[in-house]
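Let me begin by presenting the structure, written as structure tokens, before commenting on it.
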Amino acid sequence: MNNSNISIKLTAQKLSLQQCYDFVEDPTCGGIDVFVGTVRNHTKGKTVKLLDFSAYPPMAIKEMKLIAELALKKFKVHKIAIHHAEGPLQIGDIPVIIAVSAAHRNAAFDACQFAIDTLKETVPIWKKEHFEDGEVWVNAHP
Amino acid sequence: MQIQLLLFGIVADLIGKNSLSYDLPEKTTVSKFKEALTETYPQLQSYNSYAVAVNEAYANDTLVLNNNDILAIIPPVSGG
């Protein structure tokens, strides 16, 4: 697997949309699909103050790499970037960016959807929702 | 033998620690480890919907553990 087509990042810094775009942009590609996750101000009718993301960093990075490698194998896509943030994020902040470039758009859409769906199932990152009256680990009691 | 155990999310809250060392008999499987952990920490009895990672990869219940393995309790993830 040619890892120069994969960019993985887990960081406490602000994520950069431009960095993801610039990484996947390529003259052989006819399209770039970008998914941007944003912190929503409510959940199940309650007002969210902030989300705090914690991770098991070495494994989270390995799992994100596995997803990227699988996406390149499964779909006709050229490059993929998966960047995720750690730490406290405010409403509107960006916890995750996935960018995929491909010669044709359908593969880019499919790979992007696959990557975010799989990330939400396998990558060891957890968010705690902070409300006015307390806090709760998301998904802790499925 | 001894393994290192990393705890995350709600399981870290339930046990009150982020990491600990844990003694196990030789050739313990992941499944036996989970039983032993629940005996040590009965607060996990009502909470068994977690995965176990061994040396930074998801492990199934039949995997046999080795001395100095790094285990992690992975409660349902919620990234993204």
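Chain identifiers are assigned alphabetically (A, B, ...) following the order of the sequence lines, protein sequences preceding nucleic acid strands; residue numbering begins at 1 within each chain.
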Residues in [range] that sit under 4.5 Å from chain B, counting heavy atoms only:
range                       : result
residues 122-133 of chain A : A/Thr122, A/Val123, A/Pro124, A/Ile125, A/Trp126, A/Lys127, A/Lys128
residues 77-104 of chain A  : A/His84, A/Pro95, A/Val96
residues 31-61 of chain A   : A/Phe53, A/Ala55, A/Tyr56, A/Pro58, A/Met59

Can you tell me how far the NZ atom of A/Lys120 sits from the CG atom of A/Asn139, to the nearest 0.5 Å?
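If we round to the nearest 0.5 Å, A/Lys120:NZ and A/Asn139:CG are 8.5 Å apart.
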Euclidean distance, B/Ile73 CD1 relative to B/Ile10 CD1, rounded to 0.5 Å
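One gets 13.0 Å once the value is rounded to the nearest 0.5 Å.
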Same cluster for [X] and [Y] if Ile/Leu/Val/Met/Phe/Trp/Tyr side chains link at under 4.5 Å?
X       : Y        : answer
A/Leu10 : A/Phe23  : no
A/Met64 : A/Leu70  : yes
B/Leu6  : B/Met1   : yes
A/Leu15 : A/Leu119 : no

Is the backbone N or O of A/Ala115 less than 3.5 Å from a side-chain atom of A/Thr118, with the two atoms forming a donor-acceptor pair by type?
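Between the backbone of A/Ala115 and the side chain of A/Thr118 there is no qualifying donor-acceptor contact (under 3.5 Å).
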Nearest heavy-atom pair of [X] and [Y]: which atoms, and what distance?
X       : Y       : result
B/Gln43 : B/Leu14 : NE2-O, 3.0 Å
B/Pro75 : B/Tyr47 : CB-OH, 3.8 Å
B/Tyr41 : B/Leu20 : OH-CD2, 3.5 Å
A/Ala68 : A/Ile6  : CB-CG2, 3.6 Å

What part of B/Ile74 gets within 4.5 angstrom of chain A, counting heavy atoms only: side chain, backbone, both, or neither?
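When you check distances to chain A, atoms from both the backbone and side chain of B/Ile74 fall under 4.5 Å.
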With respect to B/Leu37, which candidate in B/Leu44, B/Leu71, B/Leu24, B/Val52 satisfies the side chain to side chain contact (heavy atoms under 4.5 Å, CB included) definition?
B/Leu44
Assess the residue pair A/Lys74 and A/Phe114 against the criterion (side chain to side chain contact (heavy atoms under 4.5 Å, CB included)); give the C-alpha distance rounded to whole Å, side-chain angles, the decisive distance to 0.1 Å, and a yes or no.
CA-CA 10 Å; A/Lys74 275 172 74 95; A/Phe114 164 80; 4.0 Å; yes
Side chains of B/Leu7 and B/Asn18: does their closest heavy-atom pair fall under 4.5 Å?
no
For A/Asp26 and A/Cys29, run side chain to side chain contact (heavy atoms under 4.5 Å, CB included): C-alpha distance rounded to whole Å, both residues' side-chain angles, the deciding distance at 0.1 Å, then the answer.
CA-CA 6 Å; A/Asp26 191 273; A/Cys29 291; 4.0 Å; yes
Residue by residue, which of residues 55-67 of chain B have a heavy atom closer than 4.5 Å to a heavy atom belonging to chain A?
B/Asn55, B/Glu56, B/Ala57, B/Tyr58
Check: B/Gln4/B/Ser19 side-chain N/O donor and acceptor closer than 3.5 Å:
no
Can you establish whether the number of heavy atoms outside B/Lys32 located under 6.0 Å from its atom NZ is more than 12?
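Check fails, neighbour count at 12 or below.
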Name the region of A/Glu63, side chain, backbone, both or neither, that has any atom closer than 4.5 Å to a heavy atom of chain B.
side chain
